[in-house]
Amino acid sequence: LTGAGPSVARASCMLGLFSIGKICRKNMNVLNILFTTAMILSIIRPSIIYQIGFQLSFFAVFGIINYQHHLKLIWRPKFKLTDYIWQLNVVSIAAQIGTLGLSLYHFAAFSLLFPLSGLIVIPLAPIILIVGMSSVGLYPINTSIAELLANFNTRIISFQNHLLTEISQLDGLYLRELHVGLLDVIMYYSFIICFAFSHKKLSWLKIILALLFMICFSVSEKKAFSVI
């Protein structure tokens, strides 16, 4: 239905591995499933590792898996509404940690709009998925109800896209001309991978130190190249 793009193929393969684990009554590590999925897809279609969609999808999930829980511990709001908004933003921030290096390398730009878009997409995504699957499942049984659900789902998606389009018009929160080199990207992902596996807890101090490290390295590298 969606053309089996890299992100769809990744999600479908992970879901299949999860299902196999459930059937076999095995507790499967999410990170192992992610890497196994990447290996399976690269074996089936080796060129997929060069596609930006696959790279962004893979590292977004990597960021969510490794950083979402730790980011939640940084701040624990007392009010339920504030906590709900923070939980939604935590997912977006974790995904951005995973995709930041690739975004800067491929597009030389970074959007500060992800907290707003996350507040829209993350709550609506499960609704769209459930209504869509219900429509497909009910189609052989009752066509009228299936079409009603499909129309309702179309309206939800249109509403979501309209809000995202309006948010994208805020050009002031879109940073451009942020060029980084391949060495920057390699160092960034080496750092966040080591950081994820070597720290059980994150704090604001550790995050600030990590950002300072990346900024200092980027500046020093650019100076080195300018001298050469």
**OP:** Quick one: list whatever passes side chain to side chain contact (heavy atoms under 4.5 Å, CB included) with I130, sequence neighbours left out.
**Re:** S134
**OP:** Flag yes if M133 and I128 sit in one hydrophobic cluster, no otherwise; membership is Ile, Leu, Val, Met, Phe, Trp, Tyr, and two members link when side-chain heavy atoms are under 4.5 Å apart.
**Re:** no
**OP:** Indicate, with yes or no, if F62 and F18 share a hydrophobic cluster defined by side-chain heavy-atom contacts under 4.5 Å among Ile, Leu, Val, Met, Phe, Trp and Tyr.
**Re:** yes
Subject >> Result of checking L182, I52, D184 against Y105 for side-chain contact (heavy atoms from CB on, under 4.5 Å) >> reply: L182
Subject >> Identified side-chain contact (heavy atoms from CB on, under 4.5 Å) counterpart of I85 within the set L88, D83, L81 >> reply: L81
**OP:** Enumerate the residue pairs fulfilling ring-ring contact (aromatic ring centres under 6.0 Å, His included) with a member in residues 127-166, sequence neighbours excluded, ordered by first and then second residue.
**Re:** none
Close side-chain approach of [X] and [Y], heavy atoms under 4.5 Å:
X    : Y    : value
Y84  : P123 : yes
L100 : F59  : no
F110 : T99  : no
F114 : I93  : yes
I192 : Y67  : yes
S144 : L148 : no

Original post:
Can you tell me if N153 uses its side chain to pair, donor with acceptor, with the backbone of L149 under 3.5 Å?
Top reply: no
**OP:** Return yes if some donor-acceptor pair links the side-chain N/O of W86 with the main-chain N/O of P77 below 3.5 Å, else return no.
**Re:** no
Subject >> T36 vs C13, side chain to side chain contact (heavy atoms under 4.5 Å, CB included): CA-CA, chis, key distance, verdict >> reply: CA-CA 9 Å; T36 303; C13 189; over 6 Å; no
**OP:** Assess whether side chain to side chain contact (heavy atoms under 4.5 Å, CB included) is satisfied between I48 and F58, documenting all intermediate values.
**Re:** CA-CA 11 Å; I48 196 172; F58 178 85; over 6 Å; no
**OP:** Please identify each residue that fulfils side chain to side chain donor-acceptor pair (under 3.5 Å) with Q55, with sequence neighbours left out.
**Re:** H106
Original post:
Taking it one step at a time, do L102 and Y189 satisfy side chain to side chain contact (heavy atoms under 4.5 Å, CB included)?
Top reply: CA-CA 9 Å; L102 288 170; Y189 282 107; 3.3 Å; yes
**OP:** Walk me through it: do H179 and E177 pass the test side-chain hydrogen bond (donor to acceptor under 3.5 Å, both in side chains)?
**Re:** CA-CA 6 Å; H179 299 283; E177 302 299 327; 2.8 Å; yes
